[in-house]
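Chain A is the first sequence line, chain B the second, and so forth, proteins listed ahead of strands; every chain is numbered from 1. FYI, side chains are in, hydrogens and waters are out, and symmetry mates aren't considered; it's all heavy atoms of this structure.
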Protein chains: 2
Amino acid sequence: MPKHAIAIHGGCGTMLKKLMTPEKELAYNKALEDALIAGDEILKKGGTSLDAVEKAVLSLENNHLFNAGKGSVFTNTGTHEMDAAIMNGQNLMAGAVAGVSNIKNPISLARAVMEKSEHVMLAAAGAIEFAKKINVEFEKDEYFFDQLRYDQLLKAKESDVMVMDHSGDTLSNDDTFENGGKKFGTVGAVALDMHGNIAAATSTGGMTNKKYGRLGDSPVIGSGTYANNNTCAISCTGHGEFFLRSVVAYDISCLMEYKGLSLKEACDIVVMDKLVKLGGEGGLVAIDKNGNIELPFNTEGMYRGMKAEGAEIFVRIYK
Amino acid sequence: MPKHAIAIHGGCGTMLKKLMTPEKELAYNKALEDALIAGDEILKKGGTSLDAVEKAVLSLENNHLFNAGKGSVFTNTGTHEMDAAIMNGQNLMAGAVAGVSNIKNPISLARAVMEKSEHVMLAAAGAIEFAKKINVEFEKDEYFFDQLRYDQLLKAKESDVMVMDHSGDTLSNDDTFENGGKKFGTVGAVALDMHGNIAAATSTGGMTNKKYGRLGDSPVIGSGTYANNNTCAISCTGHGEFFLRSVVAYDISCLMEYKGLSLKEACDIVVMDKLVKLGGEGGLVAIDKNGNIELPFNTEGMYRGMKAEGAEIFVRIYK
């Protein structure tokens, strides 16, 4: 059993290899490796799983390739509304923000909600007000601007659809839309530290052409994010509405705690059976207190990776 | 076993009998009875549990005595930000709104999110925009104004505390604050209809002097609200942060589904043991597919009531 380990994801969906170029594949793999290394650096020095998942997600948020932080997609009104959550499996403390704009790293704001407020979840303008009070780093709209994603918005508005997908640089947008390709843009991390504590973190830029202040599962403790030393730490990516209705992350925890299933058995039931029956596309990364890692998804692919103590870095995109 | 049944709550906390007047007690009991009758009318005519819980919560939202709808408390900026959620145990469909203002009945807006959008959860300004589009009933600020609650806000601002409590008309506000009394203002309902379907609904006006767009458990599927024909329907009231971290409603469902516990056993473990150990004050109303009802709370009192087919109306405030 490894003394410490970390696993991450950068979203999932229909990532068809035939539409990927070697350059883009390389860029995604490099970004995943960078995030794993950032988390692993902390873990191997004896740092906490909480620090490791925050640092890994921060690395993904700062990379324009993923739909979170800098790479967040545009809402219907041309803004960026981001959600994030973090949970500490040692004491079940949690923090989340929903619908925040101009925050460089929503995951760090979520952590501040956990550590510097009496609350678990802050939303929209109020969350921004809190962020200003505690001196979290802000960025102007230009920082989040990306021509490709802006073109996606225009295209989505034309056909009046909200696009759940993180149709990023992997596929040309035309390909994505015309092939009905779907990508669920979210990033996340789970980790076990050498003190035996596990943690989870998730961050997302939401949906292209999103209206009505829609919230998905990412910032919801129990659905998109959950951590409990007794069972597992989970970060999800996928069609948020189904993950909310299925309380996915806590469902896996309960299957382990109440039914005695292994992490793998619980993940298989929830992702490959229950979600599929409901029509919920997506995946997740999961770790238990022994450092077992699962990376299940019921879509064509999921940007994912893991690094356990004493093992090589592992990154994959397709099945 | 009854063919249909309904249970409701109007919040919980330290409701000390010595501070209650007979007039106020009567008013609360009457309001609870009215809500139960509204739901029961639907159920006994063969209507759905979904209609029954919406109608019962609507009745409580329209009554100024409870911290939901008309009786919502003031936020720090003197506004009203309300949350609500509804879930259908037959198909696991759910709808929720968070941080909405000037909506007469947030529970009906939550139901519209479930039935007229592709989403589960809409927040703040975006949710209002959706409400305008589908012609939900709006009310001006004056409709929600209440001198007593406004005085509570001034008092809370003076001491710079956010008050989770629904310190309503039961106690004089001075009494409440000086005695450190706490009341968690939320309303909710669960029901079983004669078709064998169960449903849950929850609505709240949040916290007096609330800042930062804080969200509690009420609008969160799995935490404050959950319904699943296989297990139970649950609506919670209490210190929201603890209910979020504990994923309370779904925890009860999982204890039944995965551990084979009865509704009573599951409620006892979650409300009287797990929440108490974490320091989470609150309660909930629960019903299973056989019409068994539980009304557990770990506070001094909870406004609550139930009406099963063939039985008398039951309402209580204290232990």
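- Between B:Lys133 and A:Lys211, the closest side-chain pair of non-hydrogen atoms is not below 4.5 Å.
- Using a 4.5 Å cut-off between heavy atoms, A:Tyr226 touches chain B through its side chain atoms alone.
- If you measure heavy-atom distances from B:Ala124 to chain A, the contacts under 4.5 Å come from the side chain alone.
- Taken from CE in A:Met207 to NE2 in B:His119, the straight-line distance is 4.5 Å, to the nearest 0.5 Å.
- Distance check, rounded to the nearest 0.5 Å: NE2 of B:His239 to CD of A:Glu118 gives 7.0 Å.
- Among the residues in residues 246-262 of chain A, those with a non-hydrogen atom closer than 4.5 angstrom to a non-hydrogen atom of chain B are A:Ser246, A:Val247, A:Tyr250, A:Asp251, A:Cys254, A:Leu255, A:Tyr258, A:Lys259.
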Residues 86-94 of chain A side chain polar contacts: donor-acceptor under 3.5 Å, at least two apart:
unit_1  : atom_1 : unit_2   : atom_2 : d
A:Asn88 : OD1    : A:Gln90  : N      : 3.0
A:Gln90 : OE1    : A:Asn197 : ND2    : 3.4
A:Asn91 : OD1    : A:Met93  : N      : 3.0

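- Contact record, B:Val120 with A:Glu241: N-CG, 3.5 Å, taken as the closest heavy-atom pair.
- Atom CD of A:Glu129 sits about 7.0 Å away from atom CG of B:Asn76, to the nearest 0.5 Å.
- A:Phe130 CZ to B:Arg214 CZ: the interatomic distance, rounded to the nearest 0.5 Å, is 14.0 Å.
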